[in-house]
Amino acid sequence: MLSDLGYTQTSVVGEADLVLLNTCMVREKAARKVYARINEIKNEVRKGGSKTKAGADSPVFGVMGCVAQAEADRLFERSRDIKMVMGTQAIPRLPALMEQLEKGFDRVIDVRLSKESEFLELDAGSRQTKHIAYITITEGCNKFCSFCIVPFTRGRERSRPADRIVGEARALGEQGYQEIHLLGQNVNSYGLSGRYHGNLTSVEDGIEITFAKLLDRVAAESGVPRIKFTTSYPRDFDEEIVRVMETHENLCEWIHLPAQAGSDRVLRAMRRGYTRSEYIEKIEAIKRSKKDIAITGDMIVGFPGETDDDFNETMSLIAEVEYDGLYIFKYSPRPRTPAAAYADSIPEELKTERFLRAQELQDRIQKRRYERYLGRTVEALVEGRSSRSSSDYTGHTRCNKVVNFPIGADALGKLVSVNITGVKSHSLYGEMAGDCF
Ligand code: SAM
């Protein structure tokens with residue numbers, strides 16, 4: 001959209017006429033980071049002694065993403081430098097905001113949320129990433145887990161029409177993309193959101209389609225060699241998805257299925273809508289698959305009222321599932337969420353202690369999980385040079401593990417086979433084996 005308005009991208013921040021800060025609010029203190037980053041950029045501009053391309057002393061700053069949505073005009077109050085606040089659904093209206101600025105408005109804002117908001121349709125040729133492309137399939141969330149800010153910052157769940165998703169995937173396949181990721185806060189409820197709001201958006205020949213059916217279509221019609229999806233939600237995840245993954249070679253062996261807690265009492269207080277044993281049933285269905293599917297997840301420790309027994313249930317769940325990877329978060333209250341009204345009862349030191357214990361357990365499990373790959377040959381997409389060693393390439397396996405290996409022939413953007421010779425706590429190491437796929 002900015003190209004259409006005559007803008008080009010620069011890697012020299014001092015030259016920029018416009019700086020858009022995209023923000024996430026799932027962590028604490030997100031707004032503070034925005035002000036700090038603006039000051040950093042202004043210092044860089046000052047130090048360089050340069051003016052922006054348009055001859056100004058400072059770029060125009062805009063804030064987008066969840067902080068923009070949640071803080072809205074409070075951002076203007078805290079910083080004179082911010083001229084534009086663009087909420088999570090306002091991106092398609094960026095040109096109108098820019099026009100208002102050009103007309104001389106001092107500050108512009110659009111934080112409207114609506115059930116019918118449009119998806120941003122991207123032209124396959126305008127993407128910045130070279131080998132992997134991300135495709136939004138749903139926006140927003142209807143789950144209202146008691147700790148989570150997402151429904152408030154990203155609005156109600158909407159599914160993008162299946163034909164547009166499949167069309168975009170096909171265009172990316174034709175352009176030579178090796179991997180696509182289907183994205184949504186909860187991809188498994190794809191197509192179901194219309195039921196709640198009378199707003200059927202994923203109608204295909206008059207029939208609502210499920211996530212499993214969408215996955216089937218994308219796998220069959222896109223021509224993309226590797227397809228991944230995230231995030232799955234335990235209540236909506238079903239075995240049909242595993243069956244479809246087994247049917248198509250290009251559906252990769254990785255499922256991110258966050259449990260958040262191991263105790264039924266805490267799961268209820270979190271309003272997750274499933275019990276520990278229901279979660280385990282879904283995990284067992286994945287483990288029974290004839291494909292060797294890697295399972296990753298998220299866990300929160302220190303939720304209000306979490307007792308030692310509750311925490312031990314989380315520890316035993318981690319041990320039982322044996323995740324290939326796990327993001328562990330210390331609970332922190334988020335504005336407007338129901339849990340923010342509960343007493344944040346677990347002292348910070350205890351949260352840290354539980355976090356470290358859970359992490360230590362996961363590290364041990366992960367070491368075992370990674371060691372299984374020693375001596376195996378895996379397929380890797382060569383994504384770039386390793387940041388740790390200039391003589392190594394880095395990429396991801398089909399099961400989404402980072403793999404590093406020495407550079408042979410120029411293989412950037414190719415699928416190669418790698419013999420795994422070493423493991424670290426969060427990555428595999430190996431040697432390129434023979435030809436590219
Ligand atoms: N919708 C996705 C899901 O349910 O997995 C992504 C949610 S969020 C972007 C990623 C993770 O952040 C969550 O799965 C949860 O573990 C963590 N998280 C969210 N709110 C949190 C909070 N208030 N305190 C600590 N961790 C939180």
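When a ligand or atom number is given, it counts from 1 through the structure's own listing order.
For Thr394 and Asn404, the side-chain atoms include at least one donor-acceptor pair closer than 3.5 Å. Between the side chains of Thr153 and Arg336, no donor-acceptor pair is found at a separation under 3.5 Å. Remark: the Lys330 side chain and the Thr352 side chain contain an N/O donor-acceptor pair separated by less than 3.5 Å. For the 3.5 Å distance criterion, the side chains of Glu179 and His396 fail to qualify, holding no donor opposite an acceptor. Donor-acceptor pairing under 3.5 Å is lacking for the side chains of Thr275 and Asp264.
Using a 4.0 Å cut-off between charged nitrogen and carboxylate oxygen, Arg265 and Glu313 do not count as a salt-bridge pair. A salt bridge is defined here as a Lys NZ or Arg NE, NH1 or NH2 lying under 4.0 Å from an Asp or Glu carboxylate O, and Arg93 with Asp110 meets this definition.
Ligand 1 is approached by Thr231 to a heavy-atom distance shorter than 4.0 Å. Between Ile300 and ligand 1 there is a heavy-atom distance shorter than 4.0 Å. Using a 4.0 Å heavy-atom cutoff, His256 is absent from the residues neighbouring ligand 1. Note on ligand 1: Pro258 sits in its first shell, one or more heavy atoms being nearer than 4.0 Å.
Interface of Gln260 with ligand 1, defined as ligand atoms under 4.0 Å from a residue heavy atom, comprises 13 (C), 14 (O), 15 (C), 16 (O). Which parts of ligand 1 touch Phe329 is read off a 4.0 Å heavy-atom cut-off, strictly below it: atoms 11 (C), 12 (O), 16 (O), 17 (C), 25 (C), 26 (N).
The shortest contact between atom 24 (N) of ligand 1 and any protein heavy atom is with Ser332 N, 3.2 Å. For atom 2 (C) of ligand 1, the closest heavy atom belonging to the protein is Gln185 O, 3.4 Å. Looking at atom 10 (C) of ligand 1, its nearest protein heavy atom turns out to be Asp298 OD2, 3.8 Å. The protein atom (non-hydrogen) at minimum distance from atom 25 (C) of ligand 1 is Lys330 O, 3.5 Å. Given atom 20 (N) of ligand 1, the protein heavy atom at minimum distance is Phe147 CD1, 3.3 Å. In terms of protein heavy-atom proximity, atom 12 (O) of ligand 1 is nearest to Val26 CG1, 3.6 Å.
Glu253 pairs in a salt bridge (charged side-chain N to carboxylate O under 4.0 Å, His left out) with only one of the listed residues (Lys287, Lys228, Lys291), which is Lys291.
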